Amino acid sequence: MAIIVVEVMLKPEILDPQGVAVGAALPRLGFTFAKSVRQGKRFEIEVEGTPTAAQMADIEKAAATLLANPVIETYVVKVQA
Amino acid sequence: MAIIVVEVMLKPEILDPQGVAVGAALPRLGFTFAKSVRQGKRFEIEVEGTPTAAQMADIEKAAATLLANPVIETYVVKVQA
Amino acid sequence: MKVGVITFPGTLDDRDALRAASVAGTTAISLWHDEADLKGVDAVILPGGFSYGDYLRCGAISRFAPVMTKVIDAANGGMPLLGICNGFQVLCEAHLLPGALTRNKDLHFLCRDQKLVIENNSTAWTSDYTKGQEILIPLKNGEGSFQCDDHTLAQLESEGRIVARYVGENPNGSRNLIAGITNERGNIVGLMPHPEHAIETLTGPSSDGLGFFTSVLKAMVK
Amino acid sequence: MALDTVALATNNPDTPQPFAELGLKSDEYARIKEILGRRPTSSELAMYSVMWSEHCSYKSSKVHLKQFGDKAVKSDALLVGIGENAGVVDVGQGYAVTFKVESHNHPSFIEPYQGAATGVGGIVRDILTMGARPIAVMDPLRFGPADAPDTRRVLPGVIAGVGGYGNCLGLPNIGGEVVFDETYLGNPLVNALCVGVMKHSDIKLAKAAGAGNLVVLYGAKTGGDGIGGVSVLASETFEATGPAKRPAVQVGDPFVEKVLIECSLEIFAEDLVVGIQDLGGAGLSCATSELASGGSGGMKVELDRVPLRDATLSPEEILMSESQERMCAIVEPSKIDRFLEICKKWDVTVTVIGEVTDGDRLEITWHGEIIVDVPPRTVAHEGPVYSRPLAEPAYIARVNAEVINPVIPQTAQEIKDAILMMAATPNLADKSWVTNQYDRYVQGNTVQSQPDDSGMVRIDEKTHLGVAVATDANANWSYLNPYEGAKLALAEASRNIATAGAIPLAVTNCLNFGSPEDPGVMWQFAETVRGLADGCLEMGLPVTGGNVSFYNQTGGVAILPTPVIGVLGVIDDVRTRTPMSFDRAGLELYLIGASDENLSGSEWAYLHGMRGGQAPTADLQREMRLIKLLVKGRTENIFTAAHDLSQGGLTASLTEMVLRYNVGARITLANPGITLLVETPGRVVVAVEASKSAMLKEAAGDIPLTYLGTTGGDSLIINDVEISLTELRTAHTSTFQKLFG
Ligand SMILES: Nc1ncnc2c1ncn2[C@@H]1O[C@H](COP(=O)(O)OP(=O)(O)O)[C@@H](O)[C@H]1O
Ligand SMILES: [Mg+2]
């Protein structure tokens, strides 16, 4: 069994109101470490056994068509250590 | 400048409607690789310079209080390579 | 003249869209997401709601529904297609319209009576309005902020494809106050606010929304 | 752990069991043994413990709630009374309406979003279970001080949760309350009300009748979240600092519930169920035992058939799980195929888990072994009943003796400041920041919603028949005098229905109190129930259902007694309703009802740190005459607008009226300071055409009528005080934005 992780973030030029809200909330709570915050999504996909190259290609395709919207988002596919 | 990543996922025993919805959509699109899907959040926090130990402790605290609700979620804090 | 209204699992405003279409004088027909059959309708409405819970991104899952293959084919052939709110999101996800709808800038679901100005009255859904006409209809969504790249925005502006804009303060952070857009041909319209909830003053802020449904009736009769 | 079967329990009678950890007292445990003639199995213990919890068994409140049945007048409108998932009333034209209010207080403190969301989900399933299409929701809420840091955590989460779930279900939110008080800081109140409509013939009941009929579980899979959640949480004194014992809260999936609603309505439309029950608090334990005891008692369930989200759950956990979005139906074998087909159409998980038998025992097996064998009534309906000690708390005499005399504004400047201060104070400020997060338009039948006095929905598009619902609680008065407080809340909710011209028909209630183990709290509770029952008797209104929420206290400090009263009214033609305000100049304004000078329990006193004095005495005869007048005002088309006076008195009502359609008013008052601030019950402001003032006077009869002034202009003018609508609006609307952004 393996876990494939797909990380999806809004493209830098797209407004990220959630990240902005978190960035604004932090200093109100006394946390001053953040210069900026972006918020995205993280998918953990459980696959049977070690993923094959064909499976990885499929996951890549699913990320590009379903999990992320390339009009506004970028994504990264990783196999979890 | 460094990017600190906080990954927040629902605890395994907590229902994850988002993950369930994605998991159900994949096979409808012909993708059969997934045994299960969980969906969580990913925060990218930009900090000035190399984060100090005190800053990391602060980020840890912010993760536990603001970014995640420990009643239903778990989180991991990482420094992005 | 038959107008089809599609119900996906999680669709909410389907009955309202059916009501609006019949009040406007068309024969309103309910279509089911899982059947790749348009039942001979002349126009289609993708209504508001939270199809599939909208958990991933609004409209992301619905655009793959069996009925959508037929809808996409018919719309590419010129059939009038209106996406309201969640329907607009589906149209963007299906790439029938450019851009994307993202979280409202203040992150809250926002329900309010919204003033719009009609900028393009030559689409299949807006011919009963005059250019520059102001209308008041409900806006209600969590992800209604229209975003696209600069090039697309310039194109939409220069080609007159902005169908309606918000009047006054920007309610959700949409670029250039965009409330609705159309494709080049003018048969496909995506609109964030809800004309189907403004067909009588008893239950809506006005009856200003009816024009979308009477417009399509005229477009078909022509 | 080995499976604890009935055989094992019989053979090992002395195995120690963790009954105390599950919240059972030793005499309760002894009674279970007596009922069964042996020790319970661990599964039986799980069932009894959740079902005999305060939340599910009403063990402390039952003896008092009985009055709602005993004192009630016979009402022909009442089709289903207390005891079912929700009461049902006849509203004419073959339509029946069901409505109920419930609490989800404790979970909402722990996880505001999910707590509130699943609160909405639960009450909607109760309404659906009656066979009705849910048509609207409301949300009476109470929070700690508006500027307290924890309120900033709780309130936005609760609002987002109520909206997130309700919006996704496609249910218009037509009203609610947002009230702040210190005592709610560690115990916010999240009450949720749902209204549903059906035809008389569609009413469904929770009963498992007919041997051989199938027990069908459908909806979401069962998970390990919220095991014992609602029941245990809602049944224990909740310490804000309390450690680990907090069970996980449930996470709701409104999408699944929406699909479940549509699927169920399609199933009902084809008449495919004999009985039905939602799974709420106590999950399967509740559903199976209530269904069985609602029928003749016999039922067999194969628990291992229950579809699980988490395969490691033990049978005890499955029985206790409060996973959301599940329903249990009793289906005749000849109809099961069609039932399964409809579930398939909606992609709803469905499983036959058992059948009705002709015996009188509920028998549950786990892979063939019997783990539960109980008389279901003893689980569901014959739980412990306590007559808890009660005593008038010492504070009553003390606070009742206090003289409440806050400074009254005198000069024009003082009066202006007072009006603006009242317009902006969180309890009276504009609530759009909240209500704009709720869909009020969906379904296309909403005629009234906030800020109107009541929510109103059309239920028939051809005849324009509609219903109106209002909820009210005045905890300040209930604190001073719980008996009168309950009656006054009933009167206020009824008045809020009547201002629009609807006729009050039925009552639901959610009684939010501290710990029943405190005799003072128990006295508040008993007095409240007595007051409400007496009030309903006098007004001829049946109580159709409700909910009790105890243990709302932090340490030794209980919340203010907060009985939320919901009243449902009917209106034959929603098009003729009286709006809450005027949209034109030149109308005459009158105050209906007499004012006194008692500021006890008023917002003005509260703002001056005063919480004592004597609550008003409810005069329900006067209220009923007023209601008659209000209904007549609509049917005879006398009123252009009517608006109730309650918290904040005349100043609050005038502020709301002039801002509603941005038309000002010029008012003359003999004694402006006190007249603007006093909260004497039984009063309404009406606007009439000048030509109708004679009709109004005649219709009012001996009800006092005071001429206030006229409508028009772009300011609110009271004697020599002038406030522009812009200034008033800024004061009224910026509070929530500033606090919660
Ligand atoms: N305060 C109350 N007033 C009237 N009826 C009540 C009250 N509290 C509970 N009830 C009734 O007791 C019955 C059991 O309530 P409850 O266990 O909350 O039902 P459910 O499990 O369906 O939510 C219901 O019929 C409910 O309406
Ligand atoms: Mg119930």
Side-chain angles (χ1 to χ4, degrees), chain A residues 1-10 12 16 18-19 21-68 73-78 80-81, chain B residues 1-10 12 16 18-19 21-68 73-78 80-81:
Chain A
M1 198 209 70
I3 302 278
I4 313 290
V5 175
V6 181
E7 295 169 353
V8 178
M9 301 298 290
L10 283 166
D16 171 18
Q18 305 193 84
V22 173
L26 286 170
R28 279 204 303 268
L29 301 179
F31 298 117
T32 52
F33 51 78
K35 258 192 68 190
S36 78
V37 181
R38 305 279 295 170
Q39 180 174 337
K41 294 175 196 154
R42 185 168 186 280
F43 299 90
E44 288 186 2
I45 302 170
E46 195 184 322
V47 302
E48 210 81 67
T50 326
T52 62
Q55 261 181 334
M56 287 307 286
D58 245 21
I59 293 176
E60 187 74 26
K61 217 161 93 192
T65 50
L66 182 71
L67 302 181
E73 294 168 325
T74 59
Y75 64 89
V76 183
V77 179
K78 301 177 178 170
Q80 191 159 68
Chain B
M1 198 208 70
I3 301 276
I4 313 291
V5 175
V6 181
E7 295 169 355
V8 179
M9 300 298 290
L10 283 165
D16 171 17
Q18 312 189 82
V22 174
L26 286 170
R28 281 201 303 270
L29 304 184
F31 298 115
T32 52
F33 50 78
K35 257 192 68 189
S36 78
V37 181
R38 306 278 294 170
Q39 181 176 334
K41 293 176 198 155
R42 184 167 186 280
F43 298 90
E44 288 186 1
I45 302 169
E46 194 184 324
V47 301
E48 209 82 67
T50 326
T52 62
Q55 262 182 333
M56 286 307 285
D58 246 21
I59 295 177
E60 185 75 28
K61 220 161 92 192
T65 50
L66 181 72
L67 304 180
E73 294 168 326
T74 58
Y75 63 88
V76 183
V77 179
K78 299 176 180 171
Q80 193 159 64

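All values derive from a computational prediction rather than experimental measurement. Heavy atoms only: backbone and side chains are in, while hydrogens, waters and symmetry mates are out. Per chain, numbering begins at 1; letters A, B, ... match sequence-line order.
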Specify which of A:L29, A:V6, A:I59 makes the most heavy-atom pairs with chain B at under 4.5 Å.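 Winner by heavy-atom pair count: A:I59.
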So for A:L67, is it side chain, backbone, both, or neither that comes closer than 4.5 Å to the heavy atoms of chain B?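 For A:L67, side-chain heavy atoms alone lie under 4.5 Å from chain B.
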What part of A:I45 is in contact with chain B, defined as an atom under 4.5 angstrom from a non-hydrogen atom: side chain, backbone, both or neither?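 Both parts, heavy atoms under 4.5 Å.
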Nearest 0.5 Å, what's the CZ-CD1 distance between B:F33 and A:I4?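 With rounding to 0.5 Å, CZ (B:F33) is 8.5 Å from CD1 (A:I4).
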Quick one: which of B:R42, B:K78, B:K41 gives a salt bridge (charged side-chain N to carboxylate O under 4.0 Å, His left out) with A:E7?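 Single pass found, and it is B:R42.
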Can you list, pair by pair, the side-chain donor-acceptor contacts under 3.5 Å of residues 46-57 of chain A, counting residues two or more places apart and other chains?
unit_1: A:E46; atom_1: OE1; unit_2: B:S36; atom_2: OG; d: 3.1
unit_1: A:E46; atom_1: OE2; unit_2: B:K35; atom_2: NZ; d: 3.2
unit_1: A:T52; atom_1: OG1; unit_2: A:Q55; atom_2: N; d: 3.0
unit_1: A:Q55; atom_1: OE1; unit_2: A:T52; atom_2: N; d: 3.2

Name the one of B:R38, B:Q39, B:Q18, B:M9 that satisfies side chain to side chain contact (heavy atoms under 4.5 Å, CB included) with A:F43?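 For A:F43, the side chain to side chain contact (heavy atoms under 4.5 Å, CB included) test succeeds with only one of B:R38, B:Q39, B:Q18, B:M9, which is B:Q39.
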